[in-house]
Enquirer: 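Right, I'll just put the structure down here and ask away after.
Bear in mind the structure is a predicted one, so any value in this text is a computation, not a measurement.
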Amino acid sequence: HLCRSLLKNGVSSAPKVFHASVQVFVQLILQFKMHLKHEIGVFFTTIFLKILESANSTLQQKLMVLQLLHKICKDSQIVLDIYINYDC
């Protein structure tokens, strides 16, 4: 149910709801990346990359996604895992 809720709230136009969803997603990646490989890929393609590409996303949403990516990229192992699991 958590992943379903994050998918729903990850596109929320309410800034506090969107921010909370982003924070939960960051913690999921940092703590449970090995158990959520498929789900992480879905979040990236379905929510975060679309937000960055969409003209309808607010500047605040795009900034939060970039901050999420920045936080994730601080861990070189996560970057490598993302590359191996979702780019290859």
Enquirer: Begin from the C-alpha positions of Tyr83 and Ile78 and carry the test side-chain contact (heavy atoms from CB on, under 4.5 Å) through to its verdict.
Expert: CA-CA 9 Å; Tyr83 174 74; Ile78 291 176; over 6 Å; no

Enquirer: Please name the pair of heavy atoms, one in Val26 and one in Lys71, separated by the smallest distance, quoted to 0.1 Å.
Expert: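 Closest pair (atom of Val26, atom of Lys71, distance): CG1-CD, 3.6 Å.
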
Enquirer: Find the distance between CD (Gln67) and CD1 (Ile72) and round it off to the nearest 0.5 Å.
Expert: 12.0 Å

Enquirer: Flag the pair Phe48 / Leu69 as yes when at least one side-chain heavy-atom distance between them is below 4.5 Å, and no otherwise.
Expert: no

Enquirer: Just so I know, are the side chains of Leu52 and Leu66 near enough to count as touching, which here means a heavy-atom distance under 4.5 Å?
Expert: yes

Enquirer: Return the CD to CD1 distance between Gln77 and Ile84, rounded to the nearest 0.5 Å.
Expert: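 Between atom CD of Gln77 and atom CD1 of Ile84 there are 7.5 Å.
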
Enquirer: Would you compute the distance between atom CD of Gln23 and atom CG of Leu68 and round it to the nearest 0.5 angstrom?
Expert: 8.0 Å

Enquirer: Say you draw a straight line from CD1 of Ile47 to OG of Ser12; how long is it, rounded to the nearest 0.5 Å?
Expert: 11.0 Å

Enquirer: Say you draw a straight line from CE of Met64 to CG of Leu59; how long is it, rounded to the nearest 0.5 Å?
Expert: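 With rounding to 0.5 Å, CE (Met64) is 10.0 Å from CG (Leu59).
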
Enquirer: Are Gln61 and Thr58 close enough that some pair of their side-chain heavy atoms sits under 4.5 Å apart?
Expert: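 When only atoms from C-beta onward are counted, Thr58 and Gln61 do touch, with a gap below 4.5 Å.
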
Enquirer: Would you check if the side chain of Ser54 reaches a backbone N or O of Lys50 as a donor-acceptor pair within less than 3.5 Å?
Expert: no

Enquirer: Can you measure from NZ (Lys62) to CD (Glu53) and round to the nearest 0.5 angstrom?
Expert: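 So the gap between those two atoms works out to 9.5 Å.
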
Enquirer: Can you confirm whether Phe25 sits close enough to Val65 that some side-chain heavy atom of one is under 4.5 Å from a side-chain heavy atom of the other?
Expert: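 No; the side chains remain at least 4.5 Å from each other.
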
Enquirer: Should Leu49 and Ile29 be counted in the same cluster of Ile, Leu, Val, Met, Phe, Trp and Tyr side chains packed under 4.5 Å apart?
Expert: no

Enquirer: If you take all heavy atoms of Ser57 and Ile51, which pair is closest and at what distance?
Expert: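 Heavy atoms of Ser57 and Ile51 come nearest at OG-O, 2.9 Å.
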
